[in-house]
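Have a look at the structure below before the remarks.
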Amino acid sequence: MITSVRFLWLALSLGFFALFQLPAVASQMAGALALQERLIEVFDGNKDAIVRVKAAYAGAEEEGKTPVMLKVGTGFFISRDGHVMVSASRAVGADRVWVEYRGKSYAIKAIGHDRLTNVSILQVIDPPADFSIISVDSSVARPKLGAIAVAISCPLDFEPSPSLGIFAGMDKHLGNKVFPTEYIRTTISVDAGQGGCPILDINGRFVGMSVASIPELDGSYCLPADALARVRDDLIFSGRVIHSWMGFEVAERLNTDDKHAVYLSSVVEGSPAELAGLLEDDYLVSIQGRPIHGVSDVPGAVFFTRVNQFASVQVLRDTELMELSVKTMPRPQADVGIEADADEFADEADVSK
């Protein structure tokens with residue numbers, strides 16, 4: 001009898017506990033379903049802008065036969081004129097490039113390539129009538145770390161498919177490799193034809209385009225929307241990106257309590273920096289309003305300056321804060337190349353600006 005009473009009391013207690021937990025469980029389920037619906041909306045709202053990019057490269061003739069290597073990636077429409085943004089490693093140097101949309105192949109013409117950022121703009125000659133576009137908005141803020149990232153790509157030979165991950169970091173370098181500007185790191189893999197895909201946030205806003213794989217982390221880097229907008233404008237209007245150059249090299253003093261540790265280690269004779277009055281050992285404070293806290297901040301600040309325009313450079317000389325105006329010049333030509341491996345980094349930027 002006592003055992004029966006105890007069993008009944010335990011059952012009633014568990015029942016009351018479950019009853020009180022029902023609202024919380026229901027709320028969690030409702031939240032999960034709402035997230036699922038939002039992901040579906042993001043995919044459905046952008047999938048019609050996605051194309052598969054194919055590039056054929058002819059190899060050296062052997063025994064009367066010419067081998068052909070095929071590279072496959074993902075691209076997306078960015079304008080009603082049929083402009084498509086793709087990874088430059090899927091377009092530069094190819095003997096033939098075309099895109100596939102809804103199972104149909106389309107001829108393209110190359111508008112321009114930028115090897116430094118691994119971005120190309122193509123234009124479909126006779127585009128389909130019902131495609132959609134992904135807007136490249138330079139005003140979109142950086143995502144918060146831990147926020148959900150959504151990629152839409154054409155893996156292998158499949159139709160556009162969504163991939164889910166998170167935004168994991170904002171990096172300006174990886175080891176001794178200094179990026180041309182800040183990259184956004186994600187936990188989304190971009191192998192097997194996914195390179196060059198758009199990355200969006202949970203609200204469907206375009207955040208960036210994948211430009212490099214990180215095999216060690218099973219993740220990827222994407223170039224942010226503001227940097228892509230800068231590259232897009234140059235490629236569409238002039239066919240190439242002319243990167244700015246000021247003519248100085250920088251270094252960083254370590255183990256110092258001063259907040260300004262980046263200084264000009266050398267200034268090129270006759271360069272815009274010298275003509276503007278910059279001197280060796282000047283401490284860099286900011287370039288065009290972008291603060292300089294470390295050496296890796298410098299390339300990104302210079303990246304957003306325009307050639308033949310004046311850029312504001314703040315320096316600390318002795319104890320005096322000075323603001324100088326530097327008229328930038330085109331960056332001297334260097335050996336900037338794209339690896340044969342489609343998803344490797346496009347270039348190793350230096351810190352000579």
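Keep in mind the model is a prediction, meaning the values are calculated, not measured.
Between Ala311 and Gln288 the shortest heavy-atom distance is CA-OE1, 3.3 Å. Of all non-hydrogen atoms in Ile236 and Ile111, the two that sit nearest each other are CA-CG2, 3.9 Å. When all heavy atoms of Ile133 and Phe131 are compared, the closest pair comes out as CG2-CE1, 3.8 Å. Across all their heavy atoms, His173 and Val178 have their closest contact at CB-CA, 3.9 Å. Scanning both residues, Asp226 and Ser138, for their nearest heavy atoms gives CB-O, 3.5 Å. Annotation for Val268 and Ser271: closest pair O-OG, 2.7 Å, computed over non-hydrogen atoms.
Between atom CG of residue Asp282 and atom OG of residue Ser265 there is a gap of 11.5 Å, rounded to the nearest 0.5 Å. We find the CE-SG distance between Met209 and Cys222 to be 9.5 Å, quoted to the nearest 0.5 Å.
Defined by atom type and a distance below 3.5 Å, a donor-acceptor pair is missing between the side-chain atoms of Asp81 and Ser79. A donor-acceptor pair shorter than 3.5 Å can be found between the side chains of Ser189 and Asp191. Using modelled atom types, one finds a donor on one side chain and an acceptor on the other under 3.5 Å when comparing Glu323 with Ser312. Between Ser210 and Ser220, the side chains place no donor N or O within less than 3.5 Å of an acceptor N or O (distance only, hydrogens not considered).
Taking a cutoff of 4.0 Å between a charged side-chain nitrogen and a carboxylate oxygen, Asp281 and Arg317 do not qualify as a salt bridge. Salt bridge annotation for Arg232-Asp114: absent, with no cationic side-chain nitrogen under 4.0 angstrom from a carboxylate oxygen. Using a 4.0 Å cut-off between a side-chain N of Lys or Arg and a carboxylate O of Asp or Glu, Arg230 and Asp234 qualify as a salt bridge. Between Lys47 and Asp44, at least one side-chain nitrogen of the basic residue sits less than 4.0 Å from a carboxylate oxygen of the acidic one, meeting the salt-bridge criterion.
Contact annotation: the side chain of Val250 approaches that of Leu284 to within less than 4.5 Å [non-hydrogen atoms, C-beta and beyond]. Between Gln314 and Met322 there is no side-chain heavy-atom pair separated by less than 4.5 Å.
For the pair Arg253 and Tyr263, the cation-pi test (distance below 6.0 Å, angle within 45°) is passed. Annotation: cation-pi pair Arg185/Phe167 absent, no NZ/CZ under 6.0 Å from the ring centroid and within 45° of its normal.
Ring orientation note: the planes of Phe303 and His243 are tilted relative to one another, at an angle of 30° to 60°.
Between Tyr106 and the choices Val124, Val51, Ile125, Leu122, the side-chain contact (heavy atoms from CB on, under 4.5 Å) rule is met once, by Val124.
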With a cut-off of 3.5 Å and sequence neighbours excluded, list every side-chain donor-acceptor pair involving residues 147-162.
residue	atom	partner	partner atom	Å
Ser153	OG	Gln194	NE2	3.3
Ser161	OG	Glu159	O	2.8

Just distance, no hydrogens or angles: give the donor-acceptor pairs under 3.5 Å from side chains in residues 197-206, sequence neighbours left out.
residue	atom	partner	partner atom	Å
Asp201	OD1	Asn203	N	2.9
Asp201	OD1	Gly204	N	3.1
Asp201	OD1	Arg205	N	2.9
Asp201	OD2	Arg205	NE	2.9
Asp201	OD2	Arg205	NH2	3.0

